[in-house]
Amino acid sequence: MWKKILYVLGTAGIFYLAVLYRSKGLLSVSLAVLLLPLLFLCVLSGVKQRLKFELLFSCYPVEQTGDYLVGLRIENRSGIYLPRVRAKIQVKSMHTGKKQWVKVRGKVSADGVAELAGLIREPDFGMWLARCKWVRFYEWTNFLYLCPRVRDEKQVMIFPAVYETNIKIGIRTRLFWSDGEQYHPQVSGDDPSETLKLRAYQKGDRMNRIHWKLSAKNEELIVAEMGMPISCNVVIFLDGEPAVMGRKESRAYWEMLHSISQKMLDEECPHYIVWRDRQYKEMLCRTAIRKVEDLMDFWCQISPDRMEKGANPGEYARLFPGEAYASFLMWNQKLELICNDKKIIQIKPEQVREQLMELELLL
């Protein structure tokens with residue numbers, strides 16, 4: 001601001017001296033200084049046509065904080081340097097309607113790219129929409145600016161943070177047999193309805209595994225390896241109502257779940273996540289998590305404001321009779337993690353990361 005004041009005072013002083021001494025030279029200088037911002041603005045209007053904008057929005061938080069990056073990427077295809085750029089970006093939760101604003105500023109080099117980024121603090125997880133409310137390009141005296149329209153919008157799914165934890169899947173869980181709709185791509189099993197691969201006969205192979213038609217055609221013994229059904233041998237019950245929790249407790253609830261589920265995927269352990277949705281009355285909702293995409297789909301479909309308590313092994317057995325699983329985890333309203341009816345840990349909201357790193361669990 002003080003630069004603008006000095007600029008105005010300097011221009012007024014030159015004009016005053018020009019009138020006082022009747023100097024055409026000083027008068028020309030004062031007029032040139034006065035018209036200089038308009039000249040720069042004309043140059044800037046030509047640059048505006050050669051700018052490309054892209055909104056930036058990260059779906060994972062910055063390490064060590066709960067902040068998420070939001071910004072504007074500007075590609076300057078002209079050979080003119082832009083000394084000052086300011087923008088205001090609005091992010092809105094598609095679920096709750098809550099809004100946050102981020103102001104960013106910076107400069108863009110000639111024929112260069114600049115990323116002007118700011119932070120939003122601990123947004124609720126779910127789908128968010130980012131829009132650029134305005135962007136301003138100032139000319140070189142910082143008096144006038146242009147406001148090009150940025151039509152780009154970006155939808156981002158904000159996921160809970162994932163922390164390191166020490167969960168191991170034991171042999172009992174890995175070898176627990178239960179029927180499944182999918183088959184392991186590498187490990188053979190005993191399901192006669194699915195053939196994993198065909199290979200030459202080896203000593204010790206059972207006779208009922210020989211593919212007699214192919215063996216007769218190839219004039220050598222061919223063995224068919226059967227498929228191994230992949231089922232969800234672990235069930236995670238969400239016996240809680242996050243809508244009535246405090247902000248810190250609710251965030252801890254989802255971070256704990258996301259960390260455990262992600263770790264189980266790393267351990268190649270398919271699992272169910274089961275919860276009760278008020279909308280479906282007597283039914284329990286469940287999602288099979290076999291790959292990362294399944295976990296992403298889960299976060300897109302769950303509605304925390306409709307969740308309520310009541311997801312437990314007894315109710316699950318009533319609604320899904322005959323469904324077998326090796327182990328279960330129950331994650332309840334009090335932030336207690338229960339494994340096969342045994343309390344393992346109670347999480348403190350401000351110590352989620354530390355307690356997860358210390359957690360050792362064998363399923």
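- Nearest heavy-atom pair, L284 versus A311, reported as atom, atom and distance to 0.1 Å: CD2-CA, 4.0 Å.
- Under the 6.0 Å distance and 45° angle rule, R286 counts as a cation-pi partner of F320.
- Side-chain N or O atoms of W331 include one that pairs as donor or acceptor with a backbone N or O of Y253 at under 3.5 Å.
- In this structure, L55 and E153 approach most closely via the heavy-atom pair CD1-CA, 3.8 Å.
- For the pair Q301 and T287, the minimum side-chain heavy-atom distance is below 4.5 Å.
- Annotation: cation-pi pair R251/W254 absent, no NZ/CZ under 6.0 Å from the ring centroid and within 45° of its normal.
- You'll find the side chain of V135 reaches within 4.5 Å of the side chain of F137, heavy atoms only.
- Side chain of D266 to main chain of M264: no donor-acceptor pair is present (N/O by atom type, distance under 3.5 Å, no hydrogens or angles).
- With sequence neighbours excluded, no residue forms a side-chain contact (heavy atoms from CB on, under 4.5 Å) with S109.
- Side-chain contact between Y138 and R86: present, with at least one pair of heavy atoms (C-beta onward) separated by less than 4.5 Å.
- For the side chain to side chain donor-acceptor pair (under 3.5 Å) test, residues two or more places apart in sequence or in another chain that qualify with S93 are T96.
- The residues D239 and R276 are annotated as not salt-bridged, no charged nitrogen and carboxylate oxygen being separated by less than 4.0 angstrom.
- In terms of the ring pair (Phe, Tyr, Trp, His ring centres under 6.0 Å) criterion, Y272 has no residue partners (sequence neighbours excluded).
- Under the 4.5 Å side-chain criterion, counting only non-hydrogen atoms from C-beta, L335 is not in contact with M256.
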Exercise for the section: Would you please test I345 and E336 for side chain to side chain contact (heavy atoms under 4.5 Å, CB included) and show each step? Expected result: CA-CA 6 Å; I345 192 173; E336 295 174 335; over 6 Å; no
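- When atom types are taken as modelled, the side chain of D277 and the backbone of S303 share no donor-acceptor pair closer than 3.5 angstrom.
- By the salt bridge (charged side-chain N to carboxylate O under 4.0 Å, His left out) test, E354 is found to be paired with no residue, residues two or more places apart in sequence or in another chain being considered.
- Annotation: M296, atom CE; neighbour count of heavy atoms from other residues, nucleotides and ligands within 6.0 Å is above 12.
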Exercise for the section: Report the C-alpha separation of R290 and L265 in whole Å, then their side-chain angles, then the decisive distance to 0.1 Å, and conclude whether the side chain to side chain contact (heavy atoms under 4.5 Å, CB included) test is met. Expected result: CA-CA 7 Å; R290 296 185 175 92; L265 281 179; 5.8 Å; no
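- Sorted by first and then second residue, the salt bridge (Lys or Arg N to Asp or Glu O under 4.0 Å) pairs involving residues 89-105 (not counting sequence neighbours) form an empty list.
- Of the possible donor and acceptor atoms, one in the side chain of R172 sits under 3.5 Å from a partner among the backbone N and O of A326.
- Side-chain contact between E323 and Y316 is present, with at least one heavy-atom pair separated by less than 4.5 Å.
- Nearest approach of C339 to I344, heavy atoms of both residues: CB-CG1, 3.6 Å.
- For K107, the NZ atom counts as loosely surrounded, since its 6.0 Å shell holds 12 or fewer non-hydrogen atoms of other residues, nucleotides or ligands.
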Practice task
Could you go through the salt bridge (charged side-chain N to carboxylate O under 4.0 Å, His left out) check for R77 and E75 one step at a time?
Solution key: CA-CA 6 Å; R77 298 178 178 178; E75 182 179 353; 3.5 Å; yes
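- Checked by atom type and distance alone, the side chain of Q155 never pairs as donor or acceptor with a backbone atom of A130 at under 3.5 Å.
- Using modelled atom types, one side-chain atom of Q355 and one backbone atom of Q346 make a donor-acceptor pair closer than 3.5 Å.
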Practice task
Test side chain to side chain contact (heavy atoms under 4.5 Å, CB included) on I120 and L69 and set out the steps.
Solution key: CA-CA 7 Å; I120 56 173; L69 284 174; over 6 Å; no
Which side-chain N or O atoms in residues 144-151 pair as donor and acceptor under 3.5 Å with protein atoms at least two apart or in another chain?
none

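- Minimum heavy-atom separation, A87 to L72: CB-CD2, 4.1 Å.
- No donor-acceptor distance shorter than 3.5 angstrom exists from the side chain of T173 to the backbone of I169, with no hydrogens or angles considered.
- Annotation for F298 and L238: closest pair CZ-CD1, 4.2 Å, computed over non-hydrogen atoms.
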Problem - Stepwise salt bridge (charged side-chain N to carboxylate O under 4.0 Å, His left out) check, R121 with D67 - result: CA-CA 4 Å; R121 183 168 180 76; D67 301 337; 3.3 Å; yes
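- No side-chain donor-acceptor contact under 3.5 Å links S327 to the backbone of L363.
- Here the side chains of Q262 and L295 are in contact, with some heavy-atom distance below 4.5 Å.
- When only modelled atom types and interatomic distance are considered, S78 and N76 share a side-chain donor-acceptor pair under 3.5 Å.
- Side-chain N/O atoms of Q90 and R131 include no donor and acceptor closer than 3.5 Å.
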Practice task
Would you check, one step at a time, whether the test side chain to side chain contact (heavy atoms under 4.5 Å, CB included) holds for F328 with V274?
Solution key: CA-CA 11 Å; F328 74 87; V274 180; over 6 Å; no
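- No more than 12 heavy-atom neighbours from other residues, nucleotides or ligands sit within 6.0 angstrom of CD on E164.
- Considering only heavy atoms from C-beta on, V70 stays 4.5 Å or farther from L119 through its side chain.
- Residues Y68 and F57 keep their aromatic ring centres 6.0 Å or farther apart.
- In this structure the side chain of D124 never reaches within 4.5 angstrom of the side chain of I158, judged on heavy atoms.
- Counting only distance, with no hydrogens or angles, the side chain of R278 and the backbone of D305 share a donor-acceptor pair below 3.5 Å.
- Using cut-offs of 30° and 60° for the angle between ring planes, the H258 and F159 rings count as tilted.
- The nearest pair of heavy atoms linking P304 to I302 is CD-O, 3.7 Å.
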